[in-house]
Amino acid sequence: MSKIRVLADHVANQIAAGEVVERPASVAKELVENSIDAGATRITIEIEAGGRRLLKVSDDGEGMVRDDAILAFERHATSKIRVTEDLTAIGTLGFRGEALASIASVAKVELITCTEGAKAATRVTIEGGRMRDVKDAAHPRGTTIIVRDLFFNIPARRKFLRSEATETYHLTNLVTHYALAHPEIAFTFVNNGREMVRATPAKDLRERAYQIFGEEFLENLLEVNGGETQVACVSGFVSAPRDRRTSRDSQFLFVNRRFVRDRMIGRSLSEAYRSILPHGVYPAALLFVETPLEEVDVNVHPAKTEVRFRRQAAVADAVREAVRAALASANYVQAQEQEQVYFDVPEVQEQVVTATAAVSSITPQPRIEFIPTPPPPMPPPIEPSGEEIARDIELMIQFAPQSVQSVQSAALPPLNSAEKFAREVTSETLSKNIRPLGQLDESFIIATDDEGLLLIDQHVAHERILFDKYRALEAERRSESQQLLVPETFDLTPAQAAVFDDLAPELENYGFELMRLSGRTVAIKATPADLPPSEARNMLAELLDTVDAEKKSTARETLRDEIAASLACHAAIKVNMPLAPEKMRWLIDRLLQTSSPTTCPHGRPVILRLKRKDILKGFHRI
Ligand code: ADP
Ligand code: MG
């Protein structure tokens with residue numbers, strides 16, 4: 001007997017739904033794309049319970065006539081392509097004709113739609129893939145689709161949904177993406193009855209970014225404009241190197257105005273920041289790559305979030321060069337020749353360079369002045385005159401600040417090569433008998449212990465002390481706070497607003513006093529005792545951006561650690577800060593009393609040791 005049979009439509013749709021409908025945000029993505037394809041000028045997205053209970057998208061696009069409204073739910077029903085050739089140049093966001101069929105097979109869907117001048121609108125209800133009802137309704141030109149009880153008929157899938165906060169985060173992120181990609185369209189996003197985004201039609205990306213992220217964010221952005229039409233035009237904004245993120249969450253990447261998760265573009269972006277951002281730190285970016293339609297295949301993934309470029313390497317180059325040019329025009333990277341000079345460190349200085357790596361790689365703060373001397377402009381005379389020495393010094397000072405960063409992270413070998421000199425002090429080899437001698441570059445405490453010479457990173461040491469203190473106070477519910485004379489206000493981005501309510505009570509346990517004002521504005525009324533008020537905003541922004549939406553609901557302890565670590569980092573003394581001998585003594589004594597004196601809350605080493613044995617060896621004494 002034959003064993004192969006053709007699957008019933010509703011089974012096939014549910015299988016397709018597995019690929020298209022991963023979570024509420026993927027439903028929203030398909031619906032919003034349909035609205036954009038329908039020429040909408042206004043799109044409203046409303047959600048309840050993270051989009052599981054309700055997800056509603058309304059637009060004022062061209063709408064559908066009754067027959068189309070019914071047909072739209074058939075598999076492979078699309079108005080966007082007709083013949084195979086159309087696949088080679090897709091100008092619409094949708095084209096597979098399976099989104100509505102897939103969504104309707106795993107939820108309770110209501111569609112109300114009306115075309116221009118039609119006598120009545122049409123309402124179609126469909127549940128778990130079964131058409132329930134079709135009748136007249138009232139609706140202005142455009143379409144509203146309401147998706148209720150996602151995965152109501154597939155309990156296994158429902159189980160995979162994350163917490164409401166996580167799903168809301170993904171939805172917010174999605175709306176932000178589309179709002180950025182289409183400044184000309186008005187977007188409204190309502191979460192549990194609360195308006196999270198309201199963006200009126202904007203004239204360009206800059207204005208739209210301002211509506212969504214606020215003025216402060218925009219001020220720090222550099223404009224990107226590069227590439228070439230035949231391969232890829234690259235435009236948008238990237239952040240200045242001082243504005244750092246620890247995740248890629250602030251990178252919004254688009255190909256032909258389609259929101260994509262493209263590793264290649266992300267990588268090219270990072271490459272552009274090579275030598276000016278440390279490893280593991282990411283820039284914020286709103287980057288639009290425009291290629292001729294036939295240069296890119298968007299049909300490689302059912303959710304269409306991945307694309308394939310015909311000339312991948314050329315596109316990567318275009319992205320990197322465009323971003324690099326933006327950084328260069330703001331003087332963050334130097335002209336090619338100048339870089340060369342500093343990469344080309346003379347051999348005799350190698351030892352010094354290695355030592356620089358040892359020192360500088362334990363902290364990402366790039367402002368360390370212990371750098372190799374740039375090569376003199378001419379061959380040095382046998383006995384340089386006082387004048388020449390003076391000029392050398394002048395040159396050194398002149399070039400020092402810019403050359404630090406490139407020498408540090410681009411031209412130098414990774415820190416392993418320095419290991420033979422100074423090693424991390426581990427808790428087993430830590431001695432209680434540490435005596436401070438002075439400071440190196442006003443950043444590192446030079447000290448001795450019974451085994452040799454120590455370098456203690458003053459910033460991370462203080463970070464560790466404060467981290468332990470904050471955690472202890474929080475555990476005992478004894479936070480100390482300082483009231484601000486004038487409350488600082490702070491504008492949340494939509495994504496930050498989505499996590500804010502969850503995070504606020506935790507922050508208050510640490511001594512923050514926060515008040516949600518109208519819309520997405522927050523007032524900071526009090527800050528934790530040791531935190532300089534000027535750091536409060538930075539810290540809040542960083543936490544709201546990096547705290548993983550997952551962690552909020554699952555591991556409270558992890559979240560509390562993250563807050564304490566961030567607080568400690570912002571409140572701790574910085575590098576490039578002179579310390580009086582008593583201060584150094586105090587810092588070391590307190591460090592030794594902490595739970596883990598040899599590593600900072602972010603896992604970096606606190607103390608390096610140059611052993612006496614190695615010193616003796618270096619001087620050929622043993
Ligand atoms: P696709 O977008 O790939 O064509 P969908 O299943 O998402 O497939 O939608 C099927 C069809 O329904 C679309 O091709 C379009 O003609 C119509 N449609 C869907 N949503 C809308 C909308 N919001 N406004 C007008 N037409 C729509
Ligand atoms: Mg579609």
Side-chain angles (χ1 to χ4, degrees), residues 9-10 12-22 25-46 55-84 86-87 89-107 109-118 121-126 129 131 134 137 139-147 174-175 177-178 181-182 185-188 256-260 297-305 307:
D9 261 1
H10 76 276
N13 284 337
Q14 285 188 354
I15 293 173
E19 294 168 330
V20 180
V21 186
E22 189 195 337
S26 33
V27 174
K29 173 178 185 294
E30 296 296 338
L31 299 183
V32 169
E33 288 191 348
N34 280 345
S35 296
I36 295 171
D37 282 344
T41 65
R42 199 160 27 77
I43 302 177
T44 304
I45 301 105
E46 281 177 63
L55 209 157
K56 176 173 168 187
V57 177
S58 317
D59 67 53
D60 63 350
E62 64 185 0
M64 287 175 265
V65 298
R66 177 164 297 195
D67 285 352
D68 282 348
I70 296 168
L71 207 57
F73 289 101
E74 291 292 323
R75 200 146 172 245
H76 305 309
T78 180
S79 56
K80 300 170 193 173
I81 55 170
R82 286 179 192 281
V83 289
T84 317
D86 291 345
L87 275 175
I90 292 170
T92 48
L93 292 168
F95 57 87
R96 296 173 63 106
E98 57 187 3
L100 288 185
S102 302
I103 295 165
S105 73
V106 295
V109 176
E110 188 180 337
L111 165 90
I112 312 157
T113 184
C114 188
T115 51
E116 183 82 56
T122 303
R123 177 194 307 270
V124 177
T125 41
I126 177 164
M131 193 75 73
V134 181
H139 193 281
R141 179 193 127 125
T143 304
T144 295
I145 300 193
I146 307 164
V147 178
L174 178 103
V175 176
H177 266 94
Y178 279 96
H182 296 274
I185 301 178
F187 276 88
T188 310
N256 294 344
R257 299 237 253 166
R258 184 187 292 279
F259 149 41
V260 294
D297 185 358
V298 292
N299 191 20
V300 291
H301 188 266
K304 300 164 276 156
T305 46
V307 294

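Remember, it's 1-based here, ligands and their atoms both numbered in the order they're listed.
- Here the closest heavy-atom approach between residue Thr115 and residue Met64 is recorded as CG2-C, 3.4 Å.
- Of the listed residues (Leu100, Thr78, Asn34, Leu71), the one carrying the non-hydrogen atom nearest atom 7 (O) of ligand 1 is Asn34.
- For the atom pair OG1 (Thr143) and CG (Leu31), the distance works out to 10.5 Å, reported to the nearest 0.5 Å.
- In summary, Asn34 places an N/O/S atom under 2.8 Å from the Mg ion (ligand 2), meeting the contact criterion.
- Using a 4.5 Å heavy-atom threshold, the side chains of Ile145 and Val109 count as touching.
- Among protein heavy atoms, atom 11 (C) of ligand 1 sits closest to Ala77 O, 4.0 Å.
- The shortest distance between side-chain heavy atoms of Val134 and Ile70 falls below 4.5 Å.
- For atom 8 (O) of ligand 1, the nearest non-hydrogen atom from the set Ala72, Gly61, Gly97 comes from Gly97.
- Listed by number with element, the atoms of ligand 1 under 4.0 angstrom from any heavy atom of Ala38 are 24 (N), 25 (C).
- Note: an N/O pair closer than 3.5 Å links Thr143 and ligand 1 by distance alone.
- Side chain of Asn256 to main chain of Arg258: no donor-acceptor pair is present (N/O by atom type, distance under 3.5 Å, no hydrogens or angles).
- What sits closest to atom 14 (O) of ligand 1 on the protein, heavy atoms only, is Ser79 N, 2.9 Å.
- With a 4.0 Å cut-off on non-hydrogen atoms, Asp59 touches ligand 1 through its side chain and not its backbone.
- Below 4.0 Å from some heavy atom of Ala99 lie the following atoms of ligand 1, by number and element: 6 (O), 7 (O).
- Residues Thr122 and Ile112 have side chains not in contact (no heavy-atom distance under 4.5 Å, counting atoms from C-beta outward).
- Crowding of Arg42 atom CZ: a count of heavy atoms from other residues, nucleotides or ligands under 6.0 Å not exceeding 12.
- From the protein, the heavy atom lying nearest to atom 2 (O) of ligand 1 is Lys80 NZ, 2.7 Å.
- Among all non-hydrogen protein atoms, the one lying nearest atom 26 (N) of ligand 1 is Met64 CG, 3.5 Å.
- For the pair Asp60 and Arg141, the salt-bridge criterion is not met [side-chain N within less than 4.0 Å of a carboxylate O].
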